[in-house]
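Quick notes on the structure that follows.
Here is the naming used below: chain letters follow the sequence lines, and residue numbers restart at 1 for every chain. We use all heavy atoms of the structure for the numbers below, so side chains are in, but hydrogens, waters and symmetry mates are not.
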Amino acid sequence: MRLDNGLRVVLSPDRSAPAVAVTCHYDVGFRSEPEGRTGFAHLFEHLMFQGSATLEKLEHFRLVTSNGGSFNGSTRNDFTNYYEVLPSNALELGLFLESDRMRAVRLTPENLANQVAVVEEEVRVNVLNQPYGGFPWIDMPQVLFDTFPNAHNAYGEFDDLEAATLEEAAEFFNTYYAPANAVLAVAGDFEVATARRLVRKHFGGIETRPAPPAVNAAEPLPDKERRSSRFDPLAPEPAVALGYRTADPIKNLRQYVAAIVTNLVLTQGKASRLHQRLVKKDRLANSVSGSVGLVGGAFEVRDPAIFEIVAMYQSGATAAEVTGAIDDEIERLADDPPTPAELKGIQNSSISAYLGALDGLMTRATLLAAFEQQRSKPQLINEIPAIYESVTPEAVSAIAAKWLRPHTRAVIEVVPGATS
Amino acid sequence: MSTSYEVGELPAIKIGRVAEHQSESGLKIVALRHTSVPRFHIRLKMPGGKAWDSHNGNRARIASSALMTGTKNRSDAELAQELQGLGASLSAGIGLDHLSLSGSGLSANLKDYLAILAEVLTSPAFSRDEVKVVKEQTKQGLSIRRSDPSVIAHDRLVRAIYGSHPYGRTTPSPESVERVRSRDAHEYFKAHARPDHAVLVIVGDFKPAQAIRLIEDAMGGWRGRSRGRRPARAPVSDRGTTLLVDRPGAVQTNIRIAGPAVPRSSPDYFDLVLANTIFGGYFSSRLVERVREERGYSYSPRSSIEHHRRASVLKVSADVATEVTAAALVEIRYELGRIATAPVSQSELDAARTYIAGTTALSIQTQAGIAGYLSTLYSAGLDASYLRSLNKRLAEVTIESVSEAAGKYLAPPGLTTVMVGDSQQTADAVRAIEPRLKS
């Protein structure tokens, strides 16, 4: 469903329980931020909760909670979303609230100052006052990437946050919060005809504005290994993070999923290659973990995404020993494909975990909205398990051989207890 | 365009028939059919957490961390790969009161999964090599936890409210782990991982009678009586001590305020639930609206009621910028004092009631959600009727009964305050409003 003002709508009914999830995704994120305004997309997300033309400050929250629902918003590299999970009797309230702030945001000096303070506390609690705070999600893009959209501190420098103005916020709203730049997804207990009618009623009259041009975040692979140290006065133990580039998640989804599987072969659980090597055999590390994607997900991202491996290692070991052992294992995987049982284990557990995640209405709505927004293909939500199934042992080796090369990666060491 | 909208009646809390079964071994099985996805979730809780460990909790810690590192028949990697192949997960956990095993998987593989669960329970290896690795991991984990300001605040708070009771133990030093031998961990496991007081909750896409039969078949060999001694009842301090713990250079102060609360079975429990909700239990609470949305002092101020087997606690938390420490304490105490002494409004009460009813219903719609909820209820000696009667119990709460509960449990003089932050920058201002301040 697409309204005349350009808003795209995905409806996914499920009558099994009396609940609905409503999410509105805007195609704006860390990558859309102007230079000198790091953290602005997230700050602006906070402002979108501060009132509208019709609602005073605090009213939005109260309407959701006093009707038995919950709400939140999140800012990611490639989108910002706002959502409510509500008892199904309150579906129309959710649609009203999202249409209401899409129509107009209430920007006041008091609300801006208040939310700059709140965001700064958020950064203090999650980063500045926290050992390993933001490691490596804030650190890694700054080392692995070069261009501003990819490489800046997404939470924001305090100077930038404090310099933000109401005019900039108004401009940001006008540019990025147009209906034509948004996708609305609704999942849960409703009749499709009713939902269509209510969506038209609330969103149909919102004025048409042009969608902004897409962000160009493309950049070449690093041409040599990048190394960086994070001096962390609060951290007591050493750690190292390795970041690699990977296949384009939109244009080459199959290879991208093969990269996810490769990451899991290396890092997932006690059967994984790196656990067996680093934790068990060499006794260099105490834990190894990994991920593919960007902030907040594997599938809701555009290129360039990151293939990451993180190891907490023993204080007697060195980062060089740890990365050396990881290189060995990657080399071995590139030469010898995973065994059928090894691959099957990763595929089965990934598919099962994916189905488990879809049990949550909010996860379902989020994926539907992201797939519509980034791929015009919401039905992909049903095809992911088959893509996991189709990954071959050779495809895993090919990922290791092609993408996981030392000269195109970033290595970040946590130097514990040090300020410089 | 429209600013009008209709909201219908809040739906009732919907929960299917919960099958309960008592095994000969003493194991209580609770099964619920929930077919949203072709999977199942299992939660097995056995009395015997860190507070049941007569040492500092390390034997309990190592026992749970080492459990999944292998059985008599399978190595850690074989165990992990077998589970992955079934599209399943299984992990051990340790709390203050319980040793637990939880996991999930594809319903089609339930039988094979239960065989692994039984194997882990009846023949864990606790091999010396594996325990050695686990000890290293635990040491590093403890070292990291002890550097985390919220853990430091938690440690100081429990020590202040529980004193020498095992609930008051702080995070032990990494070195203290050295003393635990693999035999100690195994002995600890054998003493506590027994079916006689255990509760196994299973929720998912299956027929409950069949799931119970499969569990009986698989777990028939799991026998024996637990030898744990439960900790004594833990009185929560109501002396109202205020403590400032120095963390030089801290950019924030972690404020924690706590006092006695009542268990879920208490007649005035729901009065306290709604008093707490209105005070600080949700985003539209007085605490959040004042401390965050008005003052901008804290990202996530909140209050909650925590239950352990031998104590219930009301706890308020706010992490605030160093320079507003005293000001934030004033605001929090102002709101505590206000709700303890003046009636809440009818609209505040109605909003909180609907919030609890609605979000509880939402939280039990996934297999994982309802499994966790039932596990908590049954291992606390309650059952599914708690959920079925929730809305009725909430409806019985009045402005007067909220005020009474708030006066009893939220009045500042009986609450213990712990602040962890840079005392050089904060102590003078805090002392100005709290002359009895200890550090």
Side-chain angles (χ1 to χ4, degrees), chain A residues 16-19 54 57-58 61-62 65-70 85 87-90 92-93 96 100 103 113-114 117-118 121-122 124-125 128-131 201-202 204-206 234-237 269-271 276 279-280 286-287 312 314 341-342 344-346 348-349 351-352 355-356 358-360, chain B residues 1-3 5-11 14 36-39 68-69 76-77 79-81 84-89 104-106 133 136-137 140 143-144 147-149 250-252 282-284 289 292-293 296-300 319-321 350-351 354-355 357-359 361-362 365-368:
Chain A
S16 65
T54 52
K57 179 173 166 122
L58 302 181
F61 307 126
R62 288 176 180 177
T65 56
S66 68
N67 282 291
S70 59
V85 184
S88 49
N89 61 304
E92 190 177 3
L93 170 66
F96 159 69
D100 183 59
R103 190 171 294 118
N114 169 248
V118 168
E121 287 318 302
E122 180 178 350
R124 286 194 180 101
V125 78
L128 303 175
N129 199 38
Q130 188 65 32
K201 172 181 165 187
H202 288 281
I206 299 176
L234 302 181
E237 307 284 337
K270 293 188 167 72
Q276 286 298 318
V279 180
K280 294 285 303 292
N286 286 317
S287 71
M312 306 293 305
Q314 311 262 15
E342 196 179 9
K344 200 74 209 150
I346 296 299
N348 289 2
S349 59
I351 292 165
S352 179
L355 294 176
L358 291 187
D359 196 13
Chain B
M1 154 172 174
S2 178
T3 55
Y5 56 87
E6 282 173 36
V7 175
E9 278 290 302
L10 187 72
K14 209 172 105 182
S36 49
V37 286
R39 303 178 84 247
M68 295 304 295
T69 60
D76 63 337
L79 195 55
Q81 206 169 84
Q84 285 181 337
L86 298 176
S89 66
S104 65
L106 297 168
V133 171
E136 283 307 311
Q137 294 171 320
Q140 189 168 63
S143 159
I144 290 169
S147 72
D148 183 331
V251 296
Q252 275 186 325
Y282 72 145
F283 202 92
S284 297
E289 292 195 349
R292 172 181 154 132
E293 290 297 302
Y297 288 164
S298 177
Y299 174 59
S300 184
D319 300 339
V320 307
D350 291 340
T354 311
Y355 176 76
T359 52
L362 294 174
Q365 277 168 357
T366 57
Q367 291 174 350

(request) Among B/Leu86, B/Val320, B/Thr69, B/Leu10, single out the residue with the greatest number of heavy-atom pairs under 4.5 Å to chain A. (result) B/Leu10

(message) Counting heavy-atom pairs closer than 4.5 Å to chain A, which one of B/Ala351, B/Pro38, B/Ala77 comes out on top?
(response) B/Ala77

(message) Is it true that A/Gln130 and B/Asp148 share a donor-acceptor pair across their side chains at a distance under 3.5 Å?
(response) yes

(request) Measure from the side-chain N and O atoms of A/Asp359 to the backbone N and O of B/Gln367, and report whether any donor-acceptor pair falls under 3.5 Å. (result) yes

(message) For B/Leu362 versus A/Gly68, what's the shortest heavy-atom pair and its separation?
(response) CD1-O, 3.6 Å

(request) Provide the closest heavy-atom pair for B/Gly85 versus A/Asn348 in the form atom of the first, atom of the second, distance. (result) O-ND2, 2.6 Å

(message) Shorter than 4.5 Å, heavy atoms on both sides: which option in A/Ala117, A/Ala271, A/Ala341 has the most such pairs with chain B?
(response) A/Ala271

(message) So which residue, A/Leu93, A/Asn114, A/Val85, A/Ile346, ends up with the most heavy-atom pairs under 4.5 Å with chain B?
(response) A/Asn114

(message) Please classify the contact of A/Gln276 with chain B as side chain, backbone, both or neither, using a heavy-atom distance under 4.5 Å.
(response) side chain

(request) Give, as side chain, backbone, both or neither, the part of A/Ile351 having an atom under 4.5 angstrom from any heavy atom of chain B. (result) neither

(request) Just say parallel, tilted or perpendicular for the rings of A/Phe61 and B/Phe283, cut-offs at 30° and 60°. (result) tilted

(request) Report yes if some heavy atom in the side chain of B/Asp350 is under 4.5 Å from a heavy atom in the side chain of A/Ser66; otherwise report no. (result) no

Considering only heavy atoms, which portion of [X] lies under 4.5 Å from any heavy atom of chain A: side chain, backbone, both, or neither?
X        : result
B/Ile144 : both
B/Ala321 : both
B/Glu9   : backbone

(request) Report the C-alpha distance between A/Arg124 and B/Asp319 in whole Å, list the side-chain angles of each, state the deciding distance to 0.1 Å, and finish with yes or no for side chain to side chain contact (heavy atoms under 4.5 Å, CB included). (result) CA-CA 9 Å; A/Arg124 286 194 180 101; B/Asp319 300 339; over 6 Å; no

(request) With rounding to the nearest 0.5 Å, note down the distance linking CD in B/Gln84 to OG in A/Ser352. (result) 11.0 Å

(request) Supply the atom-to-atom distance B/Glu293 CD to A/Leu58 CG, rounded to the nearest 0.5 angstrom. (result) 6.0 Å

(message) Evaluate A/Val279 against B/Gln137 for side chain to side chain contact (heavy atoms under 4.5 Å, CB included), listing each step before the verdict.
(response) CA-CA 9 Å; A/Val279 180; B/Gln137 294 171 320; 3.5 Å; yes

(message) The test is salt bridge (charged side-chain N to carboxylate O under 4.0 Å, His left out); show your working for B/Arg292 and A/Glu121 and say whether it passes.
(response) CA-CA 10 Å; B/Arg292 172 181 154 132; A/Glu121 287 318 302; over 6 Å; no

